[in-house]
Amino acid sequence: MARLTMKFGGTSVGSSAAIRQVAAIIGDHLAQGHELAIVVSAMAGVTDMLLESASAAAAGGKNRYVAINAAIAEKHHAVIDALIASETAREATHYLVDELLQGQLELCEAVRILGEATPRIADALVSYGERLSSRVITAVLAADGLRAQQVDSSEFVVTDNVFQNADPLWDETESRIVDRLLPEIENGVTPIITGFIGATPDGTLTTLGRGGSDFSAAIFAACLDSDELVIWTDVDGVMTTDPRLDERARVLPYVSYQEIGELAFYGAKVLHPKTVQPIISRDIPLRVRNTFNPTLAGTVVGSRAHASETVIKAVTGIRDVSMLTVSGPGMLGVPGIAGRTFLATANAGASILMISQASSEQSFCFTVVDLLAQSVKEAVEAELRREILHNDIDSVDVLSDIVIITVVGSGMRGTPGVAGRVFSLLGDHRINVLAIAQGSSECSISFIVAEADLERAVGELHTLALETAENDRVNGMASPY
Ligand code: ASP
Ligand code: MG
């Protein structure tokens with residue numbers, strides 16, 4: 001018997017058929033004698049609809065938000081009708097949904113009158129997605145005879161007041177979960193918890209950011225001291241690369257916490273980047289599994305970093321980025337140019353994905369998303385106006401048709417020759433590398449190539465990752481607890 005925290009994402013709870021599948025998975029695990037805490041997302045699409053209702057209301061678009069409210073109602077009522085046989089239970093659940101959505105409509109009214117949806121009100125509005133899905137799923141499980149109980153995570157996850165991107169206050173959160181939720185679970189109750197939502201100490205609703213239910217689940221897994229955190233999603237696991245870039249892509253049996261962090265950052269959108277943060281220190285393994293293919297073991301994420309023969313686990317490519325180069329003869333030995341450039345970039349609202357400078361100090365380059373490249377260029381040029389005027393710095397160049405490729409593998413720490421192998425391979429295939437960066441975590445190497453070379457470069461490097469996946473499979477790295 002194990003204590004598991006399981007999270008079901010938006011697609012996994014996105015239709016009656018999907019929810020039927022979720023109920024079967026939960027029922028199976030309970031039948032095996034496991035203790036469960038379940039965290040759920042909003043039904044697929046509902047969070048976007050709620051955000052749209054907020055902006056429609058702020059713009060005075062009453063017809064629009066009324067229509068959205070009705071569409072959300074319809075989605076949930078359809079699930080209730082399909083999955084709950086008893087008429088009394090069905091009526092009671094329809095009523096719960098209508099009552100909540102009445103509140104959502106009133107909030108939209110308030111936003112329309114104010115003419116503005118502040119981040120605080122947007123959080124309150126968007127919270128309805130998980131509040132609805134958790135209630136409907138609980139009713140479905142209860143109809144199956146399971147002792148499920150709906151739980152609003154705002155009662156447990158205490159956060160700061162950074163609306164739309166809140167972080168938990170750990171001590172208070174943990175003591176609430178341990179004191180009030182754990183005993184219920186030990187009594188055989190299965191809580192069905194809203195993902196994504198928290199509340200400030202004075203009870204104002206917050207959210208943990210888009211995709212934040214993964215993070216919610218990790219918070220509960222950590223505070224409940226679960227044996228495993230299972231993220232049920234709609235893919236088979238973490239892949240060696242994006243199957244759209246190379247059809248040989250396959251599921252990795254095992255990746256380390258560090259590797260998944262790099263992968264989440266560099267474009268493999270399987271998990272919210274904060275997900276591993278709560279579980280690392282307690283060494284709780286995480287498993288990514290497919291709700292629609294539940295016989296597969298998925299990918300295990302844990303603390304073991306190991307050097308296998310090829311050490312490269314995965315290859316990712318990020319498109320839609322631009323490289324900005326600041327160069328000039330007068331930069332040598334002048335402190336502060338990079339600092340001012342990066343500050344100007346931040347002030348233009350862009351985050352930097354990769355930085356590289358050669359020690360000649362004649363130039364450095366960095367990448368931002370395409371969308372912001374022009375405004376970053378202008379901001380940096382304005383900041384360095386004086387240096388440009390004195391010809392100490394040439395202008396700031398923008399190169400747009402480029403991509404960032406990242407190879408990830410924590411086994412490269414202390415393993416000589418990995419970078420050599422990566423770049424020889426590219427050289428052998430005549431792929432030109434424009435810039436290179438390796439973090440001191442030594443867990444990934446990123447570099448920039450022309451967009452036209454993306455598929456070829458990923459394909460070649462991916463061959464190395466496929467070897468690692470095969471080795472890990474043979475060595476049994478995926479064996480669960
Ligand atoms: N429903 C939220 C979102 O779509 C949180 C989540 O699903 O993780 O962003
Ligand atoms: Mg997600």
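One-based numbering, in listed order, for ligands and for the atoms of each. All figures in this text were calculated on a predicted structure; none of them were measured in a lab.
Aromatic ring centroids of F342 and F366 lie under 6.0 Å apart.
A side-chain hydrogen bond (donor to acceptor under 3.5 Å, both in side chains) check over residues 183-193, counting only residues at least two apart or in different chains, returns the pairs R3-E186. The list of side-chain hydrogen bond (donor to acceptor under 3.5 Å, both in side chains) pairs with a residue in residues 113-125, not counting sequence neighbours, reads D123-T207.
Short contacts between ligand 1 and T47, defined as distances under 4.0 Å to a heavy atom of the residue, involve ligand atoms 1 (N), 2 (C), 3 (C), 4 (O). The contact set between ligand 1 and R210, taken as ligand atoms under 4.0 Å from a residue heavy atom, comprises 3 (C), 4 (O), 9 (O). Annotation for ligand 1: atoms under 4.0 Å from non-hydrogen atoms of S41 are 6 (C), 7 (O), 8 (O).
Looking at ligand 1, you'll find an N or O of G211 within less than 3.5 Å of one of its N or O atoms.
Considering S133, S213, G9, G195 only, the shortest heavy-atom separation from atom 6 (C) of ligand 1 involves S213.
Considering T5, T299, T275 in turn, T275 is the only one that fulfils the side-chain contact (heavy atoms from CB on, under 4.5 Å) rule with L286. Among D246, D242, T241, the single residue meeting the side-chain hydrogen bond (donor to acceptor under 3.5 Å, both in side chains) criterion with H462 is D246.
Contact annotation: for E130 versus ligand 1, heavy atoms closer than 4.0 Å belong to the side chain alone.
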